[in-house]
Engineer: 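This structure is in structure tokens; I'll ask about it shortly.
Quantities reported herein were computed from a predicted structural model and do not represent experimental measurements.
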Amino acid sequence: MQEMNGSSSVSFRGVRKHFTEGTNVVDDLDLNIRAGEFLTLLGPSGSGKTTTLMMLAGFEKPTGGDILVAGQSIVETPPSRRNIGMVFQSYALFPHMTVAENVAFPLKVRGRPQSEVRERTHLILTMVGMEAIADRRPSQLSGGQQQRVAVARALVFEPHIVLMDEPLAALDKQLRERMQMEIRSLHDKVGVTTVYVTHDQTEALTMSDRIAVFDGGRIQQVGEPNEVYEHPANEFVAGFIGDNNMLRGVVSKRSGKDALVDIGGNVQLRVPTEAVVEPGTSVMLAIRPERVSLGAGPEVLQTTIQKMIYAGDRLHVHCVLPGGQAITATSSEADRIETLRTGDNISLALPPEHCRLFPQ
């Protein structure tokens with residue numbers, strides 16, 4: 001793979017990491033990251049995503065396998081010589097230094113000329129909108145401002161790769177959403193390969209070129225945001241990325257590419273699937289709440305409203321199916337809360353093309 005805009009490709013080849021004998025935190029990891037890509041490692045706590053990032057940074061050494069940057073192994077290369085910028089959740093700014101001094105620090109330790117230090121520091125502070133407060137100290141900054149300084153410091157020495165470990169976790173919702181856009185915009189301007197760790201699904205979907213979904217030390221799926229959201233590879237991904245109705249059922253008939261699924265209460269749904277599911281196979285049927293519509297449509301179910309949640313621009317209608325399973329429909333017609341009541345019998349339509357089947 002070729003380097004692009006001063007950025008580098010990354011390859012994990014059969015990488016393993018265990019801290020106690022027999023317990024792999026990362027297990028047989030194969031992952032290729034394109035030069036200039038913004039790739040997010042997404043997963044719950046303990047899934048191996050941060051350990052993967054730390055091995056790339058050089059703060060943890062793999063138990064087995066290899067890590068390559070621009071085609072060259074870096075497993076034996078010390079962190080200081082990997083040309084990688086790092087942004088931590090805690091920001092890790094030096095409290096006794098000004099904003100400008102914090103940002104200039106990586107250049108100074110690399111022995112860059114003073115003129116280059118001044119020029120690069122001013123350029124990157126301008127890029128992140130912090131040039132006007134370059135003389136302040138971290139204690140005088142807001143959380144968002146501290147985060148901008150941390151990002152500027154990671155970029156100032158023109159690394160080939162930037163790693164970000166839950167960098168927005170400490171910020172409130174509105175600031176976090178604004179910083180998501182700022183970090184993504186900065187990435188697009190600079191073009192540096194970025195590996196971003198988060199457990200926040202919305203953050204991953206919003207910011208990434210691709211997402212690698214981790215669980216149990218293994219990658220469950222790698223794909224573009226719309227791919228992992230609309231076409232989850234397995235039940236874990238379906239349940240972890242966004243909201244999903246998960247209905248247990250049994251395949252009663254298979255016809256061509258369609259499976260007829262019995263979900264109880266004399267209710268059967270037709271679902272197109274590539275999965276190998278013969279009659280009698282237990283399955284999990286997944287469909288996202290926003291794909292379930294109130295009223296007429298294909299695969300209509302008669303249900304009873306248990307409760308409704310008004311969320312401003314959306315209405316969440318929680319129902320129970322004849323067989324006793326719960327299902328939620330999310331409608332943008334939030335004004336319908338005026339016409340619906342708990343206990344009402346209503347029709348729900350489940351478009352087959354938006355249903356996913358996972359054998360159990």
Engineer: In Å and rounded to the nearest 0.5 Å, what is the CG to OG1 distance from L41 to T50?
Structural biologist: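 Nearest 0.5 Å value for the CG-OG1 distance: 8.0 Å.
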Engineer: CD of E227 to CD of Q221: how many Å apart, nearest 0.5 Å?
Structural biologist: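 Going from the CD atom of E227 to the CD atom of Q221 covers 5.5 Å.
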Engineer: Got a sec, which residues hit salt bridge (charged side-chain N to carboxylate O under 4.0 Å, His left out) with K189, two or more places apart in sequence or on another chain?
Structural biologist: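 Testing K189 for salt bridge (charged side-chain N to carboxylate O under 4.0 Å, His left out), a comparison that skips the adjacent residues, returns none.
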Engineer: CG of D243: more than 12 outside heavy atoms within 6.0 angstrom?
Structural biologist: no
Engineer: Could you report the tightest heavy-atom contact between R137 and E101, atom names first, then the distance?
Structural biologist: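 Shortest heavy-atom contact: NH1-OE1, 4.3 Å.
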Engineer: Rounded at 0.5 Å granularity, tell me how far CG in L285 sits from CG in L357.
Structural biologist: 5.0 Å
Engineer: Rounded to the nearest 0.5 Å, what separates atom OG1 in T121 from atom CG in L123?
Structural biologist: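 The distance works out to 9.5 Å.
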Engineer: Are R356 and E274 within salt-bridge range, i.e. N to O under 4.0 Å?
Structural biologist: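 Salt bridge absent between R356 and E274.
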Engineer: Quick one: do the E290 and T330 side chains pair a donor with an acceptor below 3.5 Å?
Structural biologist: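 On atom types as modelled, these side chains do not qualify, holding no pair under 3.5 Å.
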Engineer: Looking at R270 and D258, is any side-chain nitrogen of the basic one under 4.0 Å from a carboxylate oxygen of the acidic one?
Structural biologist: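 Salt bridge between D258 and R270, a charged N being under 4.0 Å from a carboxylate O: yes.
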Engineer: So if I apply the side-chain contact (heavy atoms from CB on, under 4.5 Å) rule between L31 and each of L39, L56, V15, which one comes out positive?
Structural biologist: L39
Engineer: Looking only at heavy atoms, what is the nearest atom pair of C355 and I287, with distance?
Structural biologist: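 What the structure gives for the nearest pair is SG-CD1, 3.8 Å.
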Engineer: What is the distance from atom CG of L175 to atom CE of M179, rounded to the nearest 0.5 Å?
Structural biologist: 6.5 Å
Engineer: Checking salt bridge (Lys or Arg N to Asp or Glu O under 4.0 Å) for the pair R120/E158: CA distance, chi angles, key distance, verdict?
Structural biologist: CA-CA 9 Å; R120 289 290 306 167; E158 300 179 285; 3.8 Å; yes
Engineer: Please report the shortest heavy-atom distance between P44 and S47, naming the atom on each side.
Structural biologist: O-OG, 2.8 Å
Engineer: Is it the case that Q302 and S347 place a side-chain donor and acceptor less than 3.5 Å from each other?
Structural biologist: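 Per modelled atom types, Q302 and S347 side chains form a pair under 3.5 Å.
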Engineer: Not counting sequence neighbours, which residues clear salt bridge (charged side-chain N to carboxylate O under 4.0 Å, His left out) with D188? List them please.
Structural biologist: R184
Engineer: Using side chain to side chain contact (heavy atoms under 4.5 Å, CB included), reason through L247 and L321 one step at a time and then give a plain yes or no.
Structural biologist: CA-CA 10 Å; L247 305 175; L321 297 173; 4.1 Å; yes
Engineer: Donor-acceptor pairs under 3.5 angstrom involving side-chain atoms of residues 105-116: please list them, not counting sequence neighbours.
Structural biologist:
unit_1: R110; atom_1: NH1; unit_2: P106; atom_2: O; d: 3.0
unit_1: R112; atom_1: NH1; unit_2: E116; atom_2: OE2; d: 2.9

Engineer: Which residues end up grouped with Y229 if you chain together Ile, Leu, Val, Met, Phe, Trp and Tyr wherever their side-chain heavy atoms are less than 4.5 Å apart?
Structural biologist: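 L42, L205, I211, V213, V228, F236, V237, F240, I241, which link up through side-chain heavy atoms under 4.5 Å apart, make up the rest of the cluster.
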Engineer: Please report the interatomic distance CE(M54) to CD(E60), rounded to the nearest 0.5 Å.
Structural biologist: 8.5 Å
Engineer: Which residues pass the ring-ring contact (aromatic ring centres under 6.0 Å, His included) test with Y196, sequence neighbours left out?
Structural biologist: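 So Y196 forms a ring-ring contact (aromatic ring centres under 6.0 Å, His included) with F38.
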Engineer: Flag yes if more than 12 heavy atoms outside H318 fall under 6.0 Å of its NE2 atom; otherwise flag no.
Structural biologist: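 Yes, enclosed.
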Engineer: Look at R210 together with E37 and state whether they make a salt bridge at an N to O cut-off of under 4.0 Å.
Structural biologist: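 Between E37 and R210 there is a salt bridge, with a charged N closer than 4.0 Å to a carboxylate O.
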Engineer: Quick one: salt bridge (charged side-chain N to carboxylate O under 4.0 Å, His left out) partners of D27, sequence neighbours excluded?
Structural biologist: R218
Engineer: Between T52 (side chain) and G48 (backbone), is there a donor-acceptor pair under 3.5 Å?
Structural biologist: yes
Engineer: Looking at H187 and T194, what are the two nearest heavy atoms and their distance?
Structural biologist: CD2-OG1, 3.1 Å
